[in-house]
Trainee: 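The structure's right below; bear with me while I get my questions together.
Remember, predicted model here, so these are calculated numbers, not experimental data.
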Amino acid sequence: MLFLITEIAGITGLALYQPVLSNENYVGGAGADTRVLVGAFSELIVVMAVIGTAVTLYPVIKRQNEGMALAHVCGRLLEAAVITVGIVSVVSIVTLRQDGAGPSTDDGALAAVGQSLVAIHDWTFLLGSNVILGVNSLLLAYLVYRSQAVPRIIALLGLVGGPLVTTSAVAVMFGLYSPLDHAIAALPVFAWEVSLAVHLIVKGFRSPPAIPRNTGSVAATSTLSQA
């Protein structure tokens, strides 16, 4: 459920942010502050759900590799922190529009500050919800693939989608291609999270029987005890 919440709340927040993101002179205009603040609240829900996925999955995936499971938790916390910076930048634009204007205020300067805050949001979105997300998806997909806790086709979506969205986001950073192309490259990781969420809701993790280590030693000890 937490994975689905991140997707729904994230898309909702991005849609509600559009008056700020698409209007270069939002600070000096009429504004749509309530809509933008609701979008910020939606993104706060994303932050809490992102942390929640890490916390709830950790006891399961640490059985496969505790170090990598801990890395996944840290990565999700970093992802949440970067998204939070983006939220702060957007709500700062609302404050600037409401309180920044005055008789001696330079409208051009206000617009420049507003555009700078939008740029901060755009970068946090690219880094947190794409670059770091891709690394986190790869870690989780690798762990569930090795443990066979979910069908391998679902894990393969994460193994492919994670590196793809990270590589694509880095390419956008260096201007190698457009954000529209990046949106297409992000589809596999979106499919990975949704399919994983649906599978866990419907069937949960598969729990293959654990294979005890040093079976021969255990059997020998049992034989000696019987003797």
Side-chain angles (χ1 to χ4, degrees), residues 1-11 13-14 40-91 120-150 152 154-174 182 185-197 199-201 204-207 210:
M1 290 300 297
L2 289 169
F3 273 115
L4 292 181
I5 288 172
T6 62
E7 300 294 345
I8 296 170
I11 293 172
L14 188 61
F41 182 74
S42 295
E43 288 242 290
L44 280 175
I45 294 175
V46 173
V47 168
M48 291 184 285
V50 163
I51 296 173
T53 59
V55 173
T56 53
L57 283 171
Y58 178 72
V60 178
I61 61 177
K62 75 173 183 178
R63 301 170 189 169
Q64 187 63 32
N65 187 308
E66 188 168 2
M68 292 185 68
L70 185 59
H72 177 259
V73 172
C74 293
R76 293 296 266 180
L77 289 173
L78 178 60
E79 180 185 342
V82 174
I83 294 172
T84 302
V85 174
I87 298 171
V88 173
S89 70
V90 171
V91 296
I120 291 173
H121 169 269
D122 291 344
W123 277 107
T124 57
F125 180 76
L126 187 66
L127 295 174
S129 299
N130 290 276
V131 175
I132 302 173
L133 169 66
V135 176
N136 293 335
S137 297
L138 177 61
L139 286 171
L140 179 58
Y142 174 75
L143 291 172
V144 298
Y145 180 85
R146 286 203 50 189
S147 65
Q148 301 180 32
V150 299
R152 290 201 165 184
I154 295 178
L156 284 172
L157 280 172
L159 290 173
V160 173
L164 181 61
V165 73
T166 296
T167 304
S168 176
V170 172
V172 172
M173 287 174 59
F174 289 97
H182 172 66
L187 289 176
V189 80
F190 174 79
W192 143 253
E193 290 200 349
V194 172
S195 61
L196 177 65
H199 179 81
L200 293 181
I201 291 170
F205 279 121
R206 290 190 299 196
S207 300

Trainee: Search all heavy atoms of Val165 against all heavy atoms of His182 and return the closest pair with its distance.
Mentor: O-CE1, 3.6 Å

Trainee: Does any non-hydrogen side-chain atom of Tyr142 lie less than 4.5 Å from one of Ile61?
Mentor: no

Trainee: How long is the straight-line distance from NE2 of His72 back to NZ of Lys62, given to the nearest 0.5 Å?
Mentor: 15.0 Å

Trainee: Taking the side chain as every heavy atom from C-beta outward, state whether Val47 and Ile87 have any atom pair closer than 4.5 Å.
Mentor: yes

Trainee: Hey, could you give me the CG/CG distance between Leu159 and Leu139, rounded to the nearest 0.5 Å?
Mentor: 10.5 Å

Trainee: Measuring from atom CG of Leu14 to atom OG of Ser42, what distance do you get when rounded to the nearest 0.5 angstrom?
Mentor: 11.0 Å

Trainee: Mind listing the closest non-hydrogen atom pair of Phe3 and Thr53 along with its distance?
Mentor: N-CG2, 3.9 Å

Trainee: Restricting to non-hydrogen atoms, name the atom on Ser89 and the atom on Gly86 that form the minimum distance, rounded to 0.1 Å.
Mentor: OG-O, 2.6 Å

Trainee: At what distance, to the nearest 0.5 angstrom, does CD1 of Ile5 lie from CE of Met48?
Mentor: 9.5 Å

Trainee: Might you work through the side chain to side chain contact (heavy atoms under 4.5 Å, CB included) test for Leu196 and Leu140, ending with a clear yes or no?
Mentor: CA-CA 11 Å; Leu196 177 65; Leu140 179 58; 4.0 Å; yes

Trainee: Kindly indicate whether the side chain of Val189, heavy atoms from C-beta on, has any atom under 4.5 Å from the side chain of Leu157.
Mentor: no

Trainee: What is the minimum heavy-atom distance between Ile154 and Trp192, and which atoms define it?
Mentor: O-CE3, 3.1 Å

Trainee: Examine distances only and state if a side-chain atom of Thr124 and a backbone atom of His121 form a donor-acceptor pair shorter than 3.5 Å.
Mentor: yes

Trainee: What pair of heavy atoms forms the shortest contact from Val88 to Val91, and how long is it?
Mentor: O-CG2, 3.3 Å

Trainee: Measuring from atom CG of Leu57 to atom CG of Leu143, what distance do you get when rounded to the nearest 0.5 angstrom?
Mentor: 10.0 Å

Trainee: From Leu200 CG over to Leu4 CG, what is the distance, rounded to the nearest 0.5 angstrom?
Mentor: 9.5 Å

Trainee: Evaluate side chain to side chain contact (heavy atoms under 4.5 Å, CB included) for Asn136 paired with Glu79, printing each intermediate quantity in order.
Mentor: CA-CA 9 Å; Asn136 293 335; Glu79 180 185 342; 3.0 Å; yes

Trainee: Does the side chain to side chain contact (heavy atoms under 4.5 Å, CB included) test come out yes or no for Glu193 and Thr6, once each step is laid out?
Mentor: CA-CA 9 Å; Glu193 290 200 349; Thr6 62; 3.9 Å; yes

Trainee: For atom CE of Met1, decide whether the heavy atoms of other residues, nucleotides or ligands shown that lie under 6.0 angstrom number more than 12.
Mentor: no

Trainee: Using side-chain heavy atoms (C-beta onward) and a distance below 4.5 Å, is Leu133 in contact with Arg76?
Mentor: yes

Trainee: Passes side chain to side chain contact (heavy atoms under 4.5 Å, CB included), Phe125 versus Asn130? Steps please.
Mentor: CA-CA 7 Å; Phe125 180 76; Asn130 290 276; 3.8 Å; yes

Trainee: With a 3.5 Å distance limit and no angle check, can you tell me whether Ser168 reaches the backbone of Leu164 through a side-chain donor-acceptor pair?
Mentor: no

Trainee: Around atom OH of Tyr58, are there more than 12 heavy atoms from other residues, nucleotides or ligands closer than 6.0 Å?
Mentor: yes

Trainee: Hey, does the side chain of Thr166 reach the backbone of Val131 with a donor-acceptor pair shorter than 3.5 angstrom?
Mentor: yes

Trainee: Quick check: closest heavy atoms across Ser137 and Gly162, and the distance to 0.1 Å?
Mentor: CB-CA, 4.1 Å

